Amino acid sequence: MSSGGDNHHHQRAEPTTPRVLTILSCVLEKLVARNDQLVLGSARLGKSLNAFHGVRAPSITIPNYIERIYNYTNCSPSCFVVGYVYIDRLVHKYPDSLVVSLNVHRLLVTSVMVASKILDDVHYNNAFYARVGGVTNTELNKLEIEMLFLLDFGVTVTSRVFESYCQHLEKEMLCNNATRMIERIAISNSVDDVTEISVEDTQTSSPPQIVD
């Protein structure tokens with residue numbers, strides 16, 4: 001069931017970032033840095049993910065963008081793991097298409113939104129996610145359809161697959177001298193305004209505008 005998002009905003013009293021978000025940010029930052037270098041080195045970029053490309057890379061960092069989505073959308077941390085599964089499926093299915101600084105933000109907000117519809121009993125609607133993600137509602141609607149078709153509507157993630165991705169991320173934590181386990185429970189939360197992915201690197205109780 002979808003929640004409109006205007007009447008029931010519950011900001012976490014003392015927000016703490018789940019460890020899975022921190023490690024996911026680190027993994028994606030490394031991936032994007034490597035792929036950006038490949039593109040600079042004239043690697044041919046496939047067109048499968050073109051719909052997710054912005055004109056330029058947003059100024060907001062990947063960690064701040066992920067934290068923004070988490071702080072405003074009430075989605076459970078598990079949605080980020082499943083969103084990562086979707087992105088990973090895309091890059092395996094379309095190996096010539098890379099996750100780069102021009103598309104990572106749109107891929108993130110779209111994949112997490114789709115995951116929330118699968119995992120969470122109550123979730124915000126597309127318009128709310130668009131505000132949080134710094135894109136228009138029309139664009140996010142198109143990106144959602146694009147992602148579903150690219151995945152051949154393969155949005156089911158079994159508990160076994162989910163666990164394997166959690167273990168993969170936990171191994172990444174060990175590489176970064178962290179030893180805590182990824183949270184495997186759901187949590188919840190509220191948002192503000194954004195347009196054309198341009199989110200400022202600031203946090204307030206309601207989603208500030210994102211500026212490209």
Side-chain angles (χ1 to χ4, degrees), residues 2-6 8-12 15 17-18 20-22 24-29 31-33 35-36 39 49-77 79-84 86-87 90 97-117 120 123-148 150 188-212:
S2 173
S3 168
D6 286 326
H8 304 292
H9 290 189
H10 303 294
Q11 195 69 18
R12 293 181 182 83
T17 304
V20 63
L21 272 61
T22 304
L24 191 55
S25 297
C26 179
V27 168
L28 288 173
E29 279 190 312
L31 177 66
V32 167
N35 288 345
D36 281 350
V39 173
L49 301 182
N50 273 10
F52 298 89
H53 279 238
V55 178
R56 57 187 175 276
S59 59
I60 187 169
T61 64
I62 292 172
N64 285 354
Y65 193 66
I66 286 178
E67 192 170 359
R68 177 186 172 87
I69 294 172
Y70 173 70
N71 283 337
Y72 289 124
T73 65
N74 276 330
C75 72
S76 57
C79 292
F80 290 86
V81 177
V82 172
Y84 177 59
Y86 295 159
I87 293 173
L90 287 176
S97 293
L98 304 175
V99 177
V100 293
S101 55
L102 291 178
N103 63 25
V104 64
H105 295 75
R106 285 174 173 80
L107 284 168
L108 271 169
V109 70
T110 309
S111 63
V112 171
M113 181 183 74
V114 171
S116 74
K117 292 181 179 182
D120 295 339
H123 56 79
Y124 283 107
N125 58 24
N126 288 27
F128 192 73
Y129 268 89
R131 282 173 65 196
V132 175
V135 294
T136 65
N137 188 28
T138 300
E139 181 179 12
L140 189 56
N141 289 342
K142 288 178 181 175
L143 293 178
E144 179 183 26
I145 292 169
E146 182 75 15
M147 177 168 283
L148 291 173
L150 287 172
S188 51
N189 176 16
S190 140
V191 119
D192 226 81
D193 279 37
V194 205
T195 22
E196 211 343 83
I197 296 186
S198 53
V199 184
E200 308 237 337
D201 286 353
T202 54
Q203 283 267 307
T204 61
S205 60
S206 63
Q209 200 158 16
I210 298 183
V211 192
D212 206 6

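Please read these numbers as outputs of a predicted model, since none were measured by experiment.
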Chemist: Less than 4.5 Å apart, side chain to side chain, heavy atoms only: is that true for V135 and T110?
Modeler: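 Of all side-chain heavy-atom pairs linking T110 with V135, none is under 4.5 Å.
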Chemist: Flag the pair M147 / L107 as yes when at least one side-chain heavy-atom distance between them is below 4.5 Å, and no otherwise.
Modeler: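 Sidechains of L107 and M147: in contact.
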Chemist: Can you list the residues that meet the ring pair (Phe, Tyr, Trp, His ring centres under 6.0 Å) rule with Y86, with sequence neighbours excluded?
Modeler: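 Here no residue qualifies.
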Chemist: Looking at V109 and G133, what are the two nearest heavy atoms and their distance?
Modeler: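 Scanning both residues, the minimum pair turns out to be CG2-CA, 3.9 Å.
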Chemist: Would you give the length of the straight line joining atom CD of E146 to atom CG of L140, rounded to the nearest 0.5 angstrom?
Modeler: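 Rounded to the nearest 0.5 Å, the CD-CG separation comes out at 12.5 Å.
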Chemist: CG/L102 to CG/N50 distance, rounded to the nearest 0.5 angstrom?
Modeler: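 That separation rounds to 10.0 Å.
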Chemist: Measure from the side-chain N and O atoms of H105 to the backbone N and O of I60, and report whether any donor-acceptor pair falls under 3.5 Å.
Modeler: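 Such a contact is found between H105 side chain and I60 backbone.
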Chemist: Residues two or more places apart in sequence or in another chain: which of them pass salt bridge (charged side-chain N to carboxylate O under 4.0 Å, His left out) with E144?
Modeler: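 Scan of E144 (salt bridge (charged side-chain N to carboxylate O under 4.0 Å, His left out), adjacent residues dropped) gives K117.
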Chemist: With a 4.5 Å heavy-atom cut-off, do L148 and V114 have their side chains touching?
Modeler: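 L148 vs V114: side chains touch.
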Chemist: Could you tell me whether the side chain of N35 and the main chain of V99 form a donor-acceptor pair under 3.5 Å?
Modeler: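 A pair under 3.5 Å: yes.
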Chemist: Any side-chain heavy atom of S116 within less than 4.5 Å of one from Y129?
Modeler: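 Heavy-atom side-chain distance check passes, below 4.5 Å.
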Chemist: Look up atom CG in N137 and atom CG in N141, then write down how far apart they are to the nearest 0.5 Å.
Modeler: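 CG of N141 is found 4.5 Å from CG of N137.
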Chemist: Compare every heavy atom of A51 with every heavy atom of L143, then report the nearest pair and how far apart it is.
Modeler: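 Shortest heavy-atom separation between L143 and A51 comes out as CD2-O, 3.2 Å.
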Chemist: Got V112 and Y70 here, is their nearest side-chain heavy-atom distance under 4.5 Å?
Modeler: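 Sidechains of Y70 and V112: no contact.
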Chemist: Under 3.5 Å, is there a donor-acceptor pair between the side chain of Y84 and the main chain of S111?
Modeler: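 Between the backbone of S111 and the side chain of Y84 there is no qualifying donor-acceptor contact (under 3.5 Å).
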Chemist: Rounded to the nearest 0.5 Å, how far does CZ of F52 lie from NZ of K142?
Modeler: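 Here the rounded value is 13.0 Å.
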Chemist: Please give me the minimum heavy-atom distance between L108 and I66, naming the atom from each residue.
Modeler: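 For L108 versus I66, the nearest heavy atoms are CD1-CG1, 3.8 Å.
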Chemist: Does a side-chain heavy-atom distance below 4.5 Å link Y124 with C75?
Modeler: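 In short, these two side chains do not touch, never coming nearer than 4.5 Å.
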Chemist: In sequence, state the C-alpha distance, the side-chain angles, and the governing distance for I69 and M113, and then conclude on side-chain contact (heavy atoms from CB on, under 4.5 Å).
Modeler: CA-CA 9 Å; I69 294 172; M113 181 183 74; over 6 Å; no
Chemist: Do V104 and L31 have side-chain heavy atoms sitting under 4.5 Å apart?
Modeler: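 Sidechains of L31 and V104: no contact.
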Chemist: With distance as the sole test, does N103 use its side chain to make a donor-acceptor pair with the main-chain N or O of L98 at under 3.5 Å?
Modeler: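 The answer is yes, because a donor-acceptor pair under 3.5 Å joins these two groups.
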Chemist: Could you grab the distance from atom CG of D120 to atom OG of S76, nearest 0.5 Å is fine?
Modeler: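 If we round to the nearest 0.5 Å, D120:CG and S76:OG are 3.5 Å apart.
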Chemist: Please enumerate all residues that pass side-chain hydrogen bond (donor to acceptor under 3.5 Å, both in side chains) together with S101, with sequence neighbours excluded.
Modeler: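 Only D36 meet the side-chain hydrogen bond (donor to acceptor under 3.5 Å, both in side chains) criterion with S101.
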